[in-house]
Structure formats: structure tokens, C-alpha cells
Amino acid sequence: MHIAGARPNFPKAAPVIRALERHGVAQRLVHTGQHYDERMSEVFFRQLGLPEPDENLAVGSGSHARQTAEMMTRLETYFQDTGPALVVVYGDVNSTLAATLVATKLAIPVAHVEAGLRSFNRAMPEEINRLVTDRLSDLLFATSPEALVQLGNEGIAAQKVHFVGNPMIDTLLANRDRVEPATIRDQLGLSERYVVATLHRPANVDDAADAAELAKAMHGVAEQIEVVLPLHPRGRHRLAAAGLFPHPGIRVVDPQGYLEFLGLIQGARAVLTDSGGVQEETTVLGVPCLTLRAETERPVTITHGTNRLVTRAGLADEVRALLAADRRTADWPVPPLWDGRAGERIAEVIAEFVGSR
Ligand code: UD1
Ligand code: UDP
């Protein structure tokens, strides 16, 4: 039983579900309803060919405790009614944590896809979700070598851990030929020279002072190059109140569909982001990525990719330096096993696990 609920879950789950179909494993998909806007959820089901969820718990938004508790209550009933042999959770969102806690207490084994990532910053809600999920999981699927090492450092038994590569990159590689950078650029009326930005981390958008600093930084970028910002609903009000937009050089648009967004990245001179997944996607596409965070749980995107951490105060200068240099296009070392076959590796382990029980 797969649990998904927030935008980044969908491209991670799609290749695992598809590969398990090939293994003939009976599957159910539960949508928690953490994300519910068409642009944050349904569009991914359509574009990625995900099956219709067997159940939508429709929990909606709320504080961490309220949202997680709502999910837990509804998942408990659903797990008791359906009796899954294994619960598969993805990434580090509240849906991941809720399902892990409930399944574990019902003695249902849990598989965690994208285990072992650590920012070492417990002010991030995702870090708490990762720590708890990994501690409780029975199967842990790591996307990078350092995640493997970290799980070992935390005393997690090696036989539970599998280094499989990155299923989000499976989805990227499988859809690469469907992506049309020029089409989305024309649709949005962008010039050929632009950067794309995504901003939704609480540390950037929740507090008025942070948002004001971010607005200033983005205005410094907009003086140099056109900015398109597909804006996550979380930051919309605060970033507008902070004066980030309206601004003549910043094109704020709704969250984009998966294919449209990849098109935007592919055609961009650079990407400015605080997203986790986008650091990975830019790494594989070879597009320079400036990450507006103090740390990353995905250091492999720096050592083997195009990612760099930047401060808000330093952003405009970093963009200036980047625009003065050649766009990096070829011959960078993609992280090991980010080869489009992670879903298949995960499915093999899961099929054997459920088959043996
Ligand atoms: C969540 C994840 C975060 C992930 C992000 C991906 C947690 C703790 N955080 O953050 O790790 O990077 O998803 O996008 O799980 N909202 C809408 N429509 C929607 C969904 C949300 O308007 O469809 C608004 C609501 O005002 C809501 C706010 O966005 O309160 C935040 O949503 P929530 O799911 O709580 O957290 P995210 O910031 O989306
Ligand atoms: N994404 C998208 N449209 C957008 C912004 C992001 O399809 O407008 C995709 C992106 O390509 C990646 C995923 O959403 O596959 C990342 O989700 P997000 O940044 O919301 O979450 P995070 O990875 O930070 O948890």
C-alpha cells in the first residue's frame, strides 16, 4: 500500500508503482489529501499516468499536529480495514510520517523510499519526519552513497538498507522526450533568457522579515534577467505582502504541471530554489541551480551536480557571476545509480519481501 499526499511524492511513487505492476504485486494507492489543488496534485496523476487513488483521505491543510493527527486517525481505520502486507512511504512530508507511525503500531512493515537524507537542521519539519521514518522503517531505500553512510552512523541494520538510486530521476528520464521548453516559454510569454525560481520553505517564506529579505534578493536578480516564479500556495500572501511582486521583472505564475515545469527548467539560464527535488532535477539536466538555504540534505547535488548553496544577501552577486560564465551543458558526473532504474530495483526488493511473508 503506497501512501502519497504532497506534490513531491507523486514523481517518486510513479516508477515504483509501475515496476511493481510488472512484478504482479497487488497494490493500493492512498492519497492523504495533504495537497489538493489541481496544480499540486491531479495534474501529476494525469501527466505521470499514476493510477486513480483507491482512497482519498482528504485531510487538507492544518497545523503540523492537526494535519498529522487527522491523517493518522483516518489511516488507522483504513489499514485495519484493508490489512496491507507492507506500507510504502515516500520522502519526508507529513503524510510520510503519519503513515509510518500508524503502520508501525499496527505491526505492518514500512518501506521508506528516499531514506537517509539529513539536513542536520531540526528546525526543518522534514528533518523530524525523516529521522522518525527511518528509525521505524523495515526497508530503507537510499538514493545516494552518503545517505547509506548516514543510516549506518545512526545504527540502522545494514540488511534493511538498499542503495537503489533515485526514483524521482526515473520519472525525469522517462518523461524527458515529452518536455517542450519552447512551448511553455511561448505560453508564458517569456524571453529566451530567463531564470526560473521556486520558493516555499518555511525558513524563507513564513516570517515577514525573511520574506522581505528574499523580496530584496529577488529584485536584485530581476534587474539582471527575467524571472519566472511558479509560486507554491504557501508563500503567496507573505511574499506579496513583502513586496516581492508585483514587479516588472518577475513573472509570478501558478504552480506548473510536471512537464511544463521541467520545460521551464530545461530552457532556463539558471534555477533559484529552496526545493529538495528541484536540486536533484537540475543536477541531471545540467542546469545551474542556486539553492537559497543554509544547508542541503542532498549534498550529492553539489559534489556530483550543478547545485550551490547561496544566501539571500549573496544571491544577486551569485547570479551575476553565473550569467557571466558559460552555461554548463555537458560532462558533469551524475550521481551513481541515477540511471532511470531505481523503481525497478525497489520493486525487486519489495516483491521479494512481500513474497516471503
Ligand atoms: C509540504 C511539505 C514539504 C514539501 C512541500 C512540497 C510537510 C511538513 N511539508 O509543505 O516538505 O517540500 O509540501 O510542495 O509535509 N496549500 C494550498 N493548496 C494545496 C496545498 C497546500 O493552498 O493543495 C496551502 C495551504 O495554505 C497550506 C499551505 O499551503 O496551509 C502549506 O501546505 P502543507 O502541505 O502544510 O505544507 P507545504 O508547505 O506544502
Ligand atoms: N514541480 C512542478 N511544478 C512546479 C514546481 C515544482 O511540477 O511548479 C515539481 C518538481 O519538478 C519536482 C517536485 O515538483 O518534481 C518538487 O516538489 P516541491 O518543490 O514542491 O517539494 P520538495 O522537493 O521541496 O519537497
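Counting starts at 1 for both ligands and their atoms, in listed order.
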Quiz item: When you look at CZ of Arg308, are more than 12 heavy atoms from neighbouring residues, nucleotides or ligands closer to it than 6.0 Å?
Solution: no
Quiz item: Can you tell which part of Pro11 has a heavy atom less than 4.0 Å from ligand 2: side chain, backbone, both or neither?
Solution: side chain
Quiz item: With a 4.0 Å heavy-atom cut-off (strictly under), which part of Pro8 contacts ligand 1: side chain, backbone, both or neither?
Solution: side chain
Quiz item: In Å and rounded to the nearest 0.5 Å, what is the CG to OG1 distance from Asp138 to Thr104?
Solution: 7.0 Å
Self-check item: Glu281, portion touching ligand 2 at heavy-atom distance under 4.0 Å
Solution: side chain
Practice problem: Check each atom of ligand 1 against the heavy atoms of Arg234 and keep those under 4.0 Å away; list them by number with element. | Solution: 29 (O), 31 (C), 36 (O), 37 (P), 38 (O)
Practice problem: Decide whether an N or O pair under 3.5 Å exists between Asn129 and ligand 1. | Solution: no
Self-check item: Any Arg39 heavy atom less than 4.0 Å to ligand 1
Solution: no
Quiz item: For ligand 2, which part of Arg201 has a heavy atom less than 4.0 Å away: the side chain, the backbone, both, or neither?
Solution: side chain
Quiz item: Does atom CZ of Arg39 have more than 12 heavy-atom neighbours from other groups under 6.0 Å away?
Solution: yes
Exercise. For Met40 and ligand 2, answer yes if some heavy atom of the residue is under 4.0 Å from a ligand atom, otherwise no.
Key: no
Exercise. May I ask you to check whether Phe45 and His31 place their ring centres under 6.0 Å from each other?
Key: yes
Quiz item: Is the closest heavy atom of Phe44 to ligand 2 under 4.0 Å?
Solution: yes
Quiz item: Is the closest heavy-atom distance from Glu260 to ligand 2 below 4.0 Å?
Solution: no
Quiz prompt | Gly257 heavy atom under 4.0 Å from ligand 2 | solution = yes
Quiz item: To which protein heavy atom is atom 14 (O) of ligand 1 closest, and what is the distance rounded to 0.1 Å?
Solution: His232 NE2, 3.0 Å
Self-check item: Atoms of ligand 1 close to Glu126 [distance to a heavy atom under 4.0 angstrom, numbered from 1]
Solution: 3 (C), 9 (N), 11 (O)
Exercise. Find all atoms of ligand 1 within a distance of less than 4.0 Å from any non-hydrogen atom belonging to His200, and give their numbers and elements.
Key: 4 (C), 5 (C), 6 (C), 12 (O)
